[in-house]
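Both ligands and their constituent atoms are indexed starting at 1 by order of listing. Keep in mind that what you see is a predicted model, and the values were worked out from it rather than measured.
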Amino acid sequence: MPALAVKARIWRRLLSTVRRDLHVRLPHSRPVLEQMLYAVCRRNCSRDLADAAFSRLKSVFSDWNEVRVSAVREVADALAPLPDAFARAEQLIGLLQDVFESLYSFDLEGLRNKPSQQAAKQLARWHHADNFVVAWTLQYALDTHALPLDESTHRVTVRLGLISPDQPLASAASALQRQVRKDDAPPVYETLSAMAHQFCLPEPRCQGCCMRSCCPAAKALTHASATNLLRRKKPR
Ligand code: SF4
């Protein structure tokens, strides 16, 4: 089967069977600023962990300005047990500072009325808005065709053969975006993320994975873990 047809089949399965079986939901609607801040919590984390951390953040601090002027340690404590809580806290405070310095406000709703390229440029201008944060905000707040990709979802797409393992994260996100129509894009991140945190972990659980029948990496990985198991069991 030609490579493009194989990829199309994998996408179809991901966005129908896998999405249904893993009960994938789209992210909650949020104001633009909050969607951008939520992305900082979400990168490489499961939905449940990120949702809980973001709720804690909003309940501990009275508003976003209080987060901006707080110590990194205090914000990190509110995010814990999110992994890398300190680095995320630094990025959140940095983002709030970037926005405040450029607009003297935290209201980003005006971005919804801007042409997508202009909105993308504005977001990317903020020093602490990395590619993931920009793509997340474009997709989930501004309804623009963008595909957020972090290290965990990148791992899944490489194993499924949708992108080459040599392709760096930034260009991989653009390559994947070209494989998916705009209307199909909203559930992509959540579906890949559910896979990344339930089955396609760094040590994959291919046995129970719903993509096993069409995953090019499954055979090799299963063989490798079986060999490792045999090696471990070998008598001295
Ligand atoms: S079959 Fe294994 S390697 Fe392939 S997507 Fe599922 S868990 Fe990942």
>> Is there a continuous path of hydrophobic side-chain contacts, each under 4.5 Å between heavy atoms, that joins L169 to V180?
In response: yes
> With no hydrogens and no angle check, do the side chains of D107 and S105 hold a donor and an acceptor under 3.5 Å apart?
Replying inline: no
> Parallel under 30°, tilted from 30 to 60°, perpendicular over 60°: which one fits the rings of Y38 and W136?
Replying inline: tilted
> Do any N/O/S atoms of C209 come under 2.8 Å of atom 6 (Fe) of ligand 1?
Replying inline: yes
>> Given Q198, R212, R155, M195, identify the one with the heavy atom nearest to atom 5 (S) of ligand 1.
In response: M195
>> Quick check on contacts: which atoms of ligand 1 are under 4.0 angstrom from a heavy atom of C215?
In response: 1 (S), 3 (S), 4 (Fe), 5 (S)
> Where the side chain of S164 meets the backbone of D166, is there a donor-acceptor pair that is under 3.5 Å apart?
Replying inline: yes
> Counting backbone and side chain alike, does C206 bring an N/O/S atom below 2.8 Å of atom 8 (Fe) of ligand 1?
Replying inline: no
> Which ligand 1 atoms, with their elements, are less than 4.0 angstrom from a heavy-atom of A218?
Replying inline: 1 (S)
>> Check this for me: does any side-chain nitrogen of one of R73 and E90 sit under 4.0 Å from a carboxylate oxygen of the other?
In response: no
